[in-house]
Number of protein chains: 2
Amino acid sequence: MPRPKQRTPALRDRVLRAALAILADEGAGALTTRKVAAAAATSIPAVYELFGDKAGLVREVYFEGFRRLGGRFDELDHTDDPRADLLAVIASYRSFVRENSVLAGVMFSRPFADLDPSAKELGATSTVRKFIVGHVRRCIEAGVLASDATDVAHVVLALAQGLALQEAAGWLGTSKASVNRRWMLAFNATLDGLREAQPDARQRLVRSSPLHPCAPR
Amino acid sequence: MPRPKQRTPALRDRVLRAALAILADEGAGALTTRKVAAAAATSIPAVYELFGDKAGLVREVYFEGFRRLGGRFDELDHTDDPRADLLAVIASYRSFVRENSVLAGVMFSRPFADLDPSAKELGATSTVRKFIVGHVRRCIEAGVLASDATDVAHVVLALAQGLALQEAAGWLGTSKASVNRRWMLAFNATLDGLREAQPDARQRLVRSSPLHPCAPR
DNA sequence: CTTGATTCCGAAACAGTGTTCCGAATAGCA
DNA sequence: TGCTATTCGGAACACTGTTTCGGAATCAAG
C-alpha cells in the first residue's frame, strides 16, 4: 500500500498535536508513547526518533504551551489605560489556564517528574515574563505603579499563578462569584499597594517579621 | 526466624515514614511501591493491605504534609502585632516549602496524576486555611486590614503559593537577595493595598478591565 | 525500466512499574 | 497442645518507557 503522506514533513507537528489533544482530552496520566503514536497514526519508534525521549516530547509540549500563551498575549491590543491593559493580560492568562488546565499544569506545576527544566526551558518562559514586564513598565511610566518593573512583574505573575492554581484546585470556592471576587480583590489590592514605591520595605520587614533569608526551622 | 517486631502496630507509621523519606531524598519519581516496601523492611502486599492503593499511600502522604504544616503553625506564638504575626505565618509557610520541596509539590501542585482530590482531601487543607483566616481576622479587628477575612485569607494564601512555586522553579532569580526582595515587595504591597476595604472594586473592575466571569476566548 | 542503496516505519523484545493471587508462617485463643 | 484467622512473602499478571531488528517504501543511478 502506498505511503499515505510524504516522508518526514509535518509528522513532527502531527505527533505534537496528538500529544496536546490527548493531554487535553484524557489528562496527564493518559499521555503514553503508545497512545500518542496511535493518535498520530504512526509508530512508537518514530516518536523516539523525533523527540529522543518521552521527556523530550513533554518538553516540546511545554514549549508549545508557552508559544500558545504568548500568541494569546500578542492578540491583545493596547488602549490608553496601562492599568487596564495589564489587567487584560492577567485576564487572558486566567482564561488560558482555565481552558487548557492540563497543559497549564505541565507548564507551571510540572506533573511530570521526569521533566527537569534547564536553562533552555526557563528561557521559554522569558517571553511571557518580558511581556508582563513591558506592561508593568508602561504602568510605572504612567505613574500607576512604582518600584522596579521586573520585581513588580514577578509579583504580578506569582499572584496570577497562585490564584490560577487555587482556582484549578477548587480552593477559591465553588461559586463563580466568589472566585471572581477573590481575583478582583487580589489584583486590585496588590496594584493599589504598588501605587507608591514601598518606602522602607526592607526596614519594615526586618523589623516587623521574619520574611528574610532563612527563617530558623 | 522470629518476626522482628509486633504484628501490626507501628507498621503503618513505618511505611508512611519510609515513603516520606524516599520522597524527600530521591524525589517524586522514585516513589515506587517496591522501594517503599524495601525501605520499610516489609513486603509489597503489606503496603497494599495498609493503603489499598498507591494513590491511597500518596493521599496519606498528602494528609501528613498538611499535619506537619499545621504543626509548624501551632508552634508559632502570638505577639501584640497582628500584621507581624500574619507575616510570621507566611514566613513559616515559606520555610516549610523550602525545606520540604517535594512534599510541598505533592500537597500543592499534585505531581501525581492519579491523586484525585475529593472533598475529604480538600477538608485536610481547611485547617491551614482556617488558621490563616484567624490571623487575618485579628488584623481586621486591629484595623490593619479591611474587607472580608475569608476573601483576604484566600488572596494571601494564593500569593504565598504562587511565590513559593516560582521560587521552587527558580523563576524569582538566582540570588537570595532578589528572591527575598520579591517576597517582601509582594506581601507589603498586597497588605498595604488591603489596608482599606476596596471601595468600588466591582465597579472599578467592570469598568476598567475584563477580570470578570468569562473573558471571551 | 530495473536495480540498488538508503531511509524510515512496524512488530516484537526487554526492563521496570502498579497490582493481585496464593501459599506459608505467626499470633491469639480454646 | 491444637485450631483458626490474619498477615506477610514470593511469584505472577498487565501496562508502561525504551530499544532492536527486519522489512518496506523512496529516490538515484545505470
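Here the structure is a predicted model, which is why all the values come from computation and not from measurement. As a basis for the values below, the full set of heavy atoms in this structure was taken, side chains included, without hydrogen atoms, waters or symmetry mates. A, B, ... follow the sequence lines: proteins, then strands. Residue 1 opens every chain.
The distance from atom CG of Leu57(B) to atom C1' of dG18(C) is 12 Å, rounded to the nearest whole Å. For Phe51(A) and dC8(C), the CZ to P distance is 15 Å, given to the nearest whole Å. For Glu49(B) and dT26(C), the CD to P distance is 18 Å, given to the nearest whole Å. Nucleotide dT17(C) holds its P atom 11 Å from the CD atom of Glu26(B), rounded to whole Å.
Look at Ser43(B) and you won't find any side-chain N or O under 4.0 angstrom from OP1 or OP2 of dC8(D).
Contact detail for Val97(A) and Ala104(A): the closest heavy-atom pair is CG1-CB, 4.0 Å.
Applying the side-chain hydrogen bond (donor to acceptor under 3.5 Å, both in side chains) definition to pairs two or more places apart or across chains, none involves residues 28-37 of chain B.
Residues that satisfy the salt bridge (charged side-chain N to carboxylate O under 4.0 Å, His left out) test with Glu49(B), not counting sequence neighbours, are absent from this structure.
Heavy atoms from other residues, nucleotides or ligands lying under 6.0 Å from CZ of Arg138(A) number more than 12.
Ring-plane geometry between Phe131(A) and Phe73(A) is classed as parallel, the angle between the planes falling under 30 degrees on a 0 to 90 degree scale with a further cut at 60.
Looking only at distances, no side-chain donor or acceptor of Arg182(A) sits under 3.5 Å from a matching main-chain atom of His154(B).
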At a cut-off of 3.5 Å, list every protein nitrogen or oxygen paired with a nitrogen or oxygen from nucleotides 13-19 of chain D, distance to 0.1 Å.
{"unit_1": "dG17(D)", "atom_1": "OP1", "unit_2": "Thr33(A)", "atom_2": "N", "d": "3.3"}
{"unit_1": "dG17(D)", "atom_1": "OP1", "unit_2": "Lys54(A)", "atom_2": "NZ", "d": "3.2"}
{"unit_1": "dG17(D)", "atom_1": "OP2", "unit_2": "Thr33(A)", "atom_2": "N", "d": "2.9"}
{"unit_1": "dG17(D)", "atom_1": "OP2", "unit_2": "Thr33(A)", "atom_2": "OG1", "d": "2.8"}
{"unit_1": "dG17(D)", "atom_1": "N7", "unit_2": "Arg34(A)", "atom_2": "NH1", "d": "2.7"}
{"unit_1": "dG17(D)", "atom_1": "O6", "unit_2": "Arg34(A)", "atom_2": "NH2", "d": "3.0"}
{"unit_1": "dT18(D)", "atom_1": "OP1", "unit_2": "Asp53(A)", "atom_2": "OD1", "d": "2.6"}
{"unit_1": "dT18(D)", "atom_1": "OP2", "unit_2": "Tyr48(A)", "atom_2": "OH", "d": "3.0"}
{"unit_1": "dT18(D)", "atom_1": "OP2", "unit_2": "Asp53(A)", "atom_2": "OD1", "d": "3.1"}
{"unit_1": "dT18(D)", "atom_1": "OP2", "unit_2": "Lys54(A)", "atom_2": "N", "d": "3.0"}
{"unit_1": "dT18(D)", "atom_1": "O5'", "unit_2": "Tyr48(A)", "atom_2": "OH", "d": "3.4"}

